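Since we're looking at a predicted model, the values are computed, not measured. Proteins come first, then strands; the chains are lettered A, B, ... in the order of their sequence lines, and each starts at number 1. All values below were derived from every heavy atom in this structure, side-chain atoms included, with hydrogens, water molecules and symmetry-related copies excluded.
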Protein chains: 2
Amino acid sequence: MSGSRLSPRDRYREQTRAEIKEIALRQLAEGGTTAVALTRIAKEVGLSGPALYRYFDSRDALLTDLIRDAYTDLAAAVGAAADALPADTSPRARLRALAAACRTWAVAQPHRYLLIEGTPVPGYSAPPDTLDSARAVLGPFLPAFAGGEPSAAVRPVAEQMRTWAAGDAAVAEWAARHVPAGDEAVALAGAVLAWTGLHGVIGLEVAGQFAGMGHDGATLLTAQFDALADAFGLR
Amino acid sequence: MSGSRLSPRDRYREQTRAEIKEIALRQLAEGGTTAVALTRIAKEVGLSGPALYRYFDSRDALLTDLIRDAYTDLAAAVGAAADALPADTSPRARLRALAAACRTWAVAQPHRYLLIEGTPVPGYSAPPDTLDSARAVLGPFLPAFAGGEPSAAVRPVAEQMRTWAAGDAAVAEWAARHVPAGDEAVALAGAVLAWTGLHGVIGLEVAGQFAGMGHDGATLLTAQFDALADAFGLR
DNA sequence: AACAGTTGCGAGCAGTGCTCACAGAATCGA
DNA sequence: TCGATTCTGTGAGCACTGCTCGCAACTGTT
């Protein structure tokens, strides 16, 4: 109970865990989810098969850890982009910047984006903190929509958000932390539409669907978000 | 060389091929792509392991066939929805109807949507006719944007489409078939944005990301497409 | 020095995709 | 009708996967 916060044994343990995850990440980048093979990881790290199970309960546990890491990493990237903006940035410019940050992160490491937002792994069940992570990513988008005046097109969504926030305390608290009172429903609607807009462009681009076509994700994204800003009457 | 268009042998062959695909589809629905196991398919169809390779060159060949089927099926659904519309349908209503048809198809069989638009299978390379299939799905969207007047937000996309169509004859021909001359660039921009809009909502919904949240895909989709119609000045 | 906890290994099980050599049946040509 | 060719199916086998078990060794503490 005295002094040392981490025994040397635990230190070593964390180190090899990190090494395992690093190799797994490389395999993921090279061949997708199914290419993450415990046996090959073990061989590469200098261990032999079953020894890996001393560090991860199962292959799914490893992947879950990678998913969690990817989420927090993406949230950090978006958060950093938000913090880098001057205080007087227009909502429209803010949306553009955040969306671009999101896309840049995803395009730089497609496999990690596919890991968190792509096809769910066959049997896997999402870790409970996934919702929190998703909220952490979308949080910086919320204030951009505060004070927005939704057009007729997106007003039904805002209406739906109102009943959602009323029923889900965690969501209401999350919205309240980013947005002045009264604007929650509109901001939530904006965030959700930003989410789908992001995924629409990034998801297709990352999956390689734009390959050989004459359009790139960047202009599509800014167009999408400019249109979204228009729909919310943002300057 | 006379009469019969299909020898009894070929008939039987096509029949078992269909049976194999049917079972594969069921396995896909139950456990995702990785759950499609040739061995179990063989057992279920009453054959023994290697016999399946008389009908499909490899597991990838089977999946490719399923992908092709899903694409043509989706294209047929969208096409049918387009044909069912009265001639005087407004562009906005047309967009809504087509988007809804697309989503209905996807939500009814999520696994098949994930198969065509989800995470690419590890090593697999898309069949060359995938592009044609994607165009077949999006074709009915094109005429809705003819005569549209793109706002500043989406104008850059239209500009990009112009150079794209100029460089890709197949795309130009495809656009010309659905839209009067002169409107190609705008219509292409609309179609591509419709594509990303569709995938943004449907992809997330089908992947189960909306589970436990207070919003449903239908209102999100119509909102997205209403906003898109606004961005193109459609009535 | 003795004890417990941790870490690692080898063998083994069940499952996967896939290849091979071989046997039987269906089909076609003479 | 007979013979040859093609097609279809089988069992054995290879290499790989995730994962479990029992046993040995090594570490840190008492």
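Taking atom NZ on B/Lys43 and atom C1' on D/dG9, their separation rounds to 17 Å, with Å as the unit. Rounded to whole Å, atom P of D/dC7 lies 9 Å from atom CZ of B/Arg13. Rounding to whole angstrom units, CG of residue A/Leu63 and P of D/dG18 are separated by 10 Å. Rounded to an integer number of Å, the gap from A/Ile20 CD1 to C/dG8 C1' is 12 Å. Whole-Å rounding puts the B/Tyr53 OH to C/dT19 P distance at 7 Å. Across the protein-nucleic acid pair, B/Ile41 atom CD1 and C/dC18 atom P stand 11 Å apart, rounded to whole Å. Atom P of nucleotide C/dT7 and atom CD of A/Glu19 are separated by 15 Å, given to the nearest angstrom. Computed from coordinates, the A/Arg17 CZ to C/dT6 P distance equals 15 Å when rounded to whole Å.
Among the heavy atoms of the strands lying under 4.0 Å from B/Tyr55 are primed sugar atoms or P, OP1, OP2 only; no base atom is included.
A search for side-chain hydrogen bond (donor to acceptor under 3.5 Å, both in side chains) contacts involving A/Asp69 returns A/Lys21, not counting sequence neighbours. Every residue two or more places apart in sequence or in another chain was checked for a salt bridge (Lys or Arg N to Asp or Glu O under 4.0 Å) with B/Arg94, and none qualifies. With sequence neighbours excluded, no residue satisfies side-chain hydrogen bond (donor to acceptor under 3.5 Å, both in side chains) with B/Ser48. Under the rule for a side chain to side chain contact (heavy atoms under 4.5 Å, CB included), the partners of B/Leu52 that lie at least two apart in sequence or sit in another chain are B/Ile20, B/Leu38, B/Ile41, B/Ala42, B/Leu47. Applying the salt bridge (Lys or Arg N to Asp or Glu O under 4.0 Å) test to A/Asp73 and every residue at least two apart in sequence or in another chain returns A/Arg112.
Note that the CZ atom of A/Phe141 and the NE2 atom of A/His178 stand 11.5 Å from one another [nearest 0.5 Å].
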What does the list of N/O pairs under 3.5 Å between the protein and nucleotides 10-13 of chain D look like, with a distance for each?
residue, atom, partner, partner atom, Å
D/dT10, OP2, B/Ser48, N, 2.8

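Note on A/Thr39: a side-chain N or O is less than 4.0 Å away from OP1 or OP2 of D/dT17. Contact annotation: B/Arg59 side-chain N/O to C/dT16 OP1/OP2 distance is not under 4.0 Å.
Salt-bridge formation is not detected for the pair B/Arg13/B/Asp10: no Lys NZ or Arg NE/NH1/NH2 atom is positioned less than 4.0 Å from an Asp or Glu carboxylate oxygen.
Side chain of B/Leu38, nearest nucleotide from C/dG17, D/dC19, D/dG9: C/dG17. Closest to the A/Ala37 side chain, of the nucleotides D/dT17, D/dT8, C/dG17, is D/dT17.
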